[in-house]
Chemist: 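Encoded as structure tokens, here's the structure I'll be asking about.
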Amino acid sequence: MDTKPAIARAAPIGVFDSGVGGLTVLRALAEQLPAERFLYLGDTARLPYGTKTADTVIRYSVQCAGRLVERGVKALVVACNTASSVALPALAAAYPGIPVLGVVEPGAEAAVAATRNGHVAVIATEGTVRGGAYLRALQTRRPGLRVTQVPCALFVSLAEEGWTDGAVAEAVAHRYLDTVFTGPDAPDTLLLGCTHFPVLKAMLGRVVGSGVTLVDSAATTAAAMEVLLAGMEAREQAPSYSDVSRFHFLATDGLERFARVGATFMGTPIATDELELVDL
Ligand code: DGL
């Protein structure tokens with residue numbers, strides 16, 4: 001007999017990020033889990049997280065998660081790489097009843113599976129690189145793995161500006177990556193360790209060359225959430241959103257910009273009646 005309370009199963013999955021970038025992760029979650037509803041929070045008022053100290057990112061993350069928990073989510077995805085790198089223990093301590101999934105471990109899993117020569121390059125924000133979470137996650141999975149981390153802050157601005165291709169984006173990518181992807185021992189795998197970077201994938205692929213495999217954590221995070229929900233017996237079997245909207249978006253500033261820029265990350269338009277301004 002099914003003893004799980006229906007309310008938990010029908011509750012949305014909460015996803016948060018510093019802004020719109022996490023919509024690349026939401027998109028993968030929505031594809032992987034077609035029956036689920038989602039409540040997304042973008043902390044656009046305090047973006048970027050990537051240049052802030054760990055203490056600040058932890059404080060902001062606990063506030064973001066708190067708002068989603070208040071609204072009754074059944075699980076949490078920390079779509080922001082910077083927050084995933086530093087805030088998971090604090091989130092688990094603050095909300096013990098809610099399963100929390102970050103994007104770092106699934107991304108590391110995908111990169112270890114992809115590399116053939118044992119050398120992975122990680123591109124991320126300054127905060128993610130400084131925190132070293134990808135380095136630890138990769139080397140725990142494969143001790144001795146060579147990891148080259150490159151902070152690439154300008155890619156965040158390029159992605160938000162919609163300059164995902166063309167001369168300017170390529171020049172920036174060459175400046176960051178040419179020295180890393182040179183010589184016989186160069187990495188054969190590039191891990192996109194930031195929410196914004198999947199929209200730059202085609203351009204980055206050209207810059208590093210066809211011999212390099214590009215991996216991001218969106219799809220692996222979505223697969224990990226499916227396993228987690230199945231383990232909790234909290235996975236929706238049939239769509240729970242016939243009478244309510246499938247997505248609801250909270251943002252801490254700039255709803256118009258959220259909808260406009262967010263649509264490029266999400267891959268679909270964001271309707272204004274799905275958007276809500278919140279203060280944390
Ligand atoms: N969401 C951040 C990340 O994935 C990038 C943007 C920011 O710096 O806040 O690290």
Side-chain angles (χ1 to χ4, degrees), residues 14-29 40-65 68 76-88 91 100-108 110-111 121-137 149-164 169 172 176 190-201 204 214-222 249-254 257-258 261-262 264-266 280:
V15 182
F16 80 85
D17 178 44
S18 54
V20 290
L23 294 170
T24 56
V25 179
L26 178 62
R27 181 179 180 167
L29 284 160
Y40 181 96
L41 190 155
D43 192 7
T44 40
R46 302 188 294 195
L47 176 94
Y49 283 11
T51 50
K52 298 198 166 66
T53 61
D55 283 350
T56 299
V57 174
I58 291 169
R59 186 158 49 85
Y60 289 176
S61 300
V62 169
Q63 290 171 348
C64 289
L68 295 171
L76 272 173
V77 178
V78 185
C80 179
N81 290 256
T82 310
S84 296
S85 309
V86 295
L88 294 185
L91 293 173
V100 182
L101 194 64
V103 290
V104 168
E105 296 293 332
V122 181
I123 54 173
T125 64
E126 206 184 299
T128 301
V129 168
R130 204 184 326 112
Y134 271 111
L135 184 66
R136 287 190 296 279
Q149 301 193 89
V150 190
C152 298
L154 284 180
F155 285 159
V156 173
S157 310
L158 286 171
E160 294 225 347
E161 204 58 30
W163 295 8
T164 54
V172 173
Y176 279 134
L190 175 62
L191 172 50
L192 311 184
C194 175
T195 47
H196 287 57
F197 298 175
V199 299
L200 302 165
K201 207 167 186 174
L204 290 171
L214 273 60
V215 296
D216 71 69
S217 41
T220 34
T221 299
F249 301 95
L250 311 176
T252 51
D253 190 33
R257 183 180 163 84
F258 183 97
V261 182
T264 62
F265 287 83
M266 186 71 183
L280 297 179

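Source: prediction; values computed, not measured. No hydrogens, no waters, no symmetry mates; every other heavy atom, side chains included, goes into these values. When a ligand or atom number is given, it counts from 1 through the structure's own listing order.
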Chemist: At a 4.0 Å threshold, what atoms of ligand 1 neighbour a non-hydrogen atom of Y49?
Modeler: 7 (C), 8 (O), 9 (O)
Chemist: If we only consider heavy atoms of C194, is any one of them less than 4.0 Å away from an atom in ligand 1?
Modeler: yes
Chemist: Does only the side chain of L47 get under 4.0 Å from ligand 1, or the backbone, or both, or neither? Count heavy atoms.
Modeler: side chain
Chemist: Is a side-chain N or O of T24 found less than 3.5 angstrom from the main chain of P198, in a donor-acceptor match?
Modeler: no
Chemist: Taking R46's backbone N and O only, do any of them form a donor-acceptor pair with K52's side chain (distance below 3.5 Å, no angle check)?
Modeler: yes
Chemist: Any sub-3.5 Å donor-acceptor pair from T221's side-chain atoms to P106's backbone N or O?
Modeler: no
Chemist: For salt bridge (Lys or Arg N to Asp or Glu O under 4.0 Å), just list the numbers for E105 and R136, CA-CA rounded to whole Å, side-chain angles, deciding distance to a tenth of an Å, and then say yes or no.
Modeler: CA-CA 10 Å; E105 296 293 332; R136 287 190 296 279; over 6 Å; no
Chemist: About how many Å separate NE2 of H196 and CD1 of I123, when rounded to the nearest 0.5 Å?
Modeler: 13.0 Å
Chemist: If you measure every N/O of G50 against every N/O of ligand 1, is any gap under 3.5 Å?
Modeler: yes
Chemist: Taking non-hydrogen atoms only, is D17 closer than 4.0 angstrom to ligand 1 via side chain, backbone, both or neither?
Modeler: side chain
Chemist: Counting from 1, what ligand 1 atoms have a heavy atom of S18 closer than 4.0 Å?
Modeler: 1 (N), 2 (C), 6 (C), 7 (C), 9 (O)
Chemist: Could you check which of D43, V57, V78, T82 puts a non-hydrogen atom nearest to atom 10 (O) of ligand 1?
Modeler: T82
Chemist: Out of curiosity, Y134 OH to S217 OG, how far, rounded to the nearest 0.5 Å?
Modeler: 4.0 Å
